[in-house]
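Below you'll find the structure, written out as structure tokens, and then a few comments.
So you know, we letter chains A, B, ... as the sequences are listed, proteins then strands, and number each from 1. These values consider heavy atoms only, across backbone and side chains, with no hydrogens, waters or symmetry-generated copies.
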Amino acid sequence: MLQFINVSKRYPGGADALKNVSFELQNGEMAFLTGHSGAGKSTLLKLIAILERSTQGQVMLDNQNIGRISKRNVPYARRKIGMIFQNHRLLYDHTVFDNVSLPLIIAGLDRHEIKRRVRAALDKVGLLGKEQRYPITLSGGEQQRIGIARAVVNRPPMILADEPTGNLDPELSEEIMHLFEQFNQVGVTVLIASHDVSLIQRIGYRTLRLSQGKMVDNHG
Amino acid sequence: MARRRSNIQKPAMSASLRAYLLIHLHTFFASLGRFSRTPFNFMMTVSVIAITLSLPSGLLVSINNLQSVSGQIDLNNNISVFLNQSVTLQRATELSALLQHDNKVSQAILIDKQAALEEFRQYSGFGSAISALGDNPLPHVIQITPIARIDNQANLALLVTELKKRPDIHLVQMDMGWLDRLNGILNIAQRGVSIITILLGFAVLLIVSNTIRLELQSRRDEIDITRLVGATRSFIMRPFLYSGFWYGFFGGIFACLLVNLSVWLIDEPTSSLASLYNSSFNLNYMPFAHAALWVGFSISLGVIGSWIVVSRYLSELES
Ligand SMILES: Nc1ncnc2c1ncn2[C@@H]1O[C@H](COP(=O)(O)OP(=O)(O)O)[C@@H](O)[C@H]1O
Ligand SMILES: [Mg+2]
């Protein structure tokens with residue numbers, strides 16, 4: 001279970017990006033995080049992935065205060081979370097296979113197992129057969145699928161997506177969202193930051209709304 | 001979710017160990033392969049390291065060669081013992097025999113003054129002038145060759161002191177002054193090489209650091225992304241440490257090659273010069289053990305230089 005307890009985040013020299021935010025997300029739940037640009041959506045996700053640390057309050061994941069995790073242990077905590085970004089964050093001078101296998105190589109799996117899991121992940125996102133292509137030769141939607149395959153290849157219990165459909169047209173966006181639904185159906189906790197309100201309303205999941213760093217609605 | 005997670009089978013220990021080693025090996029040689037994409041940059045760095053290290057290692061080879069020259073001179077060093085004018089031929093012969101029995105002396109030859117004068121008369125061209133002198137102005141001389149074992153300065157000095165104490169002896173002359181000085185200079189030079197090695201070692205450290213810094217900058221995104229998907233510090237550092245290893249390895253090898261190439265180029269004229277002095281002197285190449293030490297030193301500098309830069313960079317990134 002993910003739990004924010006009175007969490008505030010102030011960037012050095014900046015204003016408060018998050019102010020006294022509290023909410024809970026059950027294991028296996030799927031939810032959207034909305035709000036205007038600058039509301040603090042990315043910051044909230046970064047606190048979960050320990051890319052930033054909160055200045056006040058506690059971020060609890062399975063009853064562990066992840067804000068207290070030592071630098072040494074951060075990489076291991078991160079492996080339990082699949083992250084997806086609007087700008088994909090792919091290695092453009094590496095093949096699709098290399099991109100997707102990266103988390104497995106880091107985890108130290110053997111080659112045979114890596115191959116098997118990469119194929120499985122690519123199969124799920126519909127990119128099977130494109131292992132040896134370079135990301136730049138694929139469309140924006142397909143590149144985002146590479147990012148999703150990389151996020152799920154290690155079978156993390158939680159997926160965080162930051163504006164995953166920001167650059168995609170509505171049809172592709174819906175396909176991507178459908179993928180997330182599929183992962184959620186097999187038990188993965190999914191939290192998606194998006195300002196595409198109409199899309200969110202069409203799909204209809206729980207919505208957490210941030211406004212200027214404050215959680216103004218966490219029921220949806 | 002519990003169902004899902006139970007699917008994650010931990011690979012058997014031996015398999016995961018093998019995978020671990022394979023990854024190491026892979027990164028190790030992959031870091032070598034990466035250089036083939038930028039061979040010019042790679043060769044630039046390697047050359048700078050090689051040239052920098054060839055200076056101290058070359059100096060050391062030069063000093064070793066000079067020491068072996070001075071060692072050869074040591075062995076056939078002769079001591080000339082000039083006796084007092086008043087000493088008779090009989091007394092001189094006795095003294096010569098006595099010295100011959102000294103255990104520090106290999107050979108003592110008496111050059112009697114009459115024979116010496118004759119020789120001088122014949123070869124000097126001052127024959128008539130010497131005849132005009134009447135009295136023989138030369139003393140008896142005993143030419144001493146110290147035994148080969150006495151190759152160190154202290155024993156030679158002891159022999160000379162003992163000789164000087166004898167009553168019939170006027171002068172003990174050993175052409176050692178310049179040898180002392182040479183050895184003194186070589187000792188200083190050796191110390192100088194140590195200092196130069198330390199300074200240039202720092203230079204190599206800086207060269208490697210700078211190269212790795214550029215490599216880091218060009219792979220910023222890659223580092224960020226690997227961190228995002230849970231890479232540990234050591235996983236990120238590893239390829240850069242291997243890069244440092246290879247820079248040091250090739251830099252060290254090329255430094256040794258440069259030095260030995262120089263020895264080879266100088267050897268020919270040196271031995272022909274030596275042959276003019278009836279000596280068959282050849283220059284020594286860098287011994288293999290020294291070469292191995294230099295390469296090891298260079299590798300250490302490469303790895304340390306890389307480690308400093310990458311760990312500083314990662315410390316700035318970590319949250
Ligand atoms: N690294 C940073 N340093 C300083 N201020 C930041 C940083 N990242 C975000 N902010 C500020 O924090 C606020 C929230 O940003 P962000 O979480 O990116 O919002 P959102 O993702 O909802 O657009 C903004 O005012 C933004 O300018
Ligand atoms: Mg954002």
Next on the checklist: Working to the nearest 0.5 angstrom, can you tell me the gap between B:Asp221 CG and A:Arg89 CZ?
Outcome noted: 6.0 Å
Checklist entry - Is the number of heavy atoms from other residues, nucleotides or ligands within 6.0 Å of CE (B:Met44) greater than 12? => result no
Item to check | Test item: B:Ile225 and A:Arg150 side chains (from C-beta on) under 4.5 Å apart, heavy atoms | outcome: yes
Checklist entry - How long is the gap from CG on A:Leu91 to CZ on B:Arg219, to the nearest 0.5 Å? => result 9.5 Å
Checklist outcome for this item: Bottom line for A:Phe85: the part with an atom under 4.5 Å from chain B's heavy atoms is side chain
Checklist entry - Between A:Arg78 and B:Leu228, which heavy-atom pair has the shortest distance, and what is it? => result CD-O, 3.7 Å
Next on the checklist: Are more than 12 heavy atoms, taken from residues, nucleotides or ligands other than A:Tyr11, located less than 6.0 Å from that residue's OH atom?
Outcome noted: yes
Next on the checklist: Around atom CZ of A:Arg119, are there more than 12 heavy atoms from other residues, nucleotides or ligands closer than 6.0 Å?
Outcome noted: no
Item to check | Residue A:Gln182 excluded, over 12 heavy atoms near CD under 6.0 Å | outcome: yes
Checklist outcome for this item: Under 4.5 Å to a heavy atom of chain B? For A:His94 that would be side chain
Item to check | Heavy-atom proximity to chain B below 4.5 Å, by part of A:Leu90 | outcome: backbone
Checklist entry - Which heavy atom of A:Arg79 sits nearest a heavy atom of B:Val229, and at what distance? => result CG-O, 4.1 Å
Item to check | Contact summary for B:Thr226 and A:Leu102, nearest pair of heavy atoms | outcome: CG2-CD2, 3.6 Å
Checklist entry - So with a 6.0 Å cut-off around CD of A:Gln56, is the heavy-atom count from everything else above 12? => result no
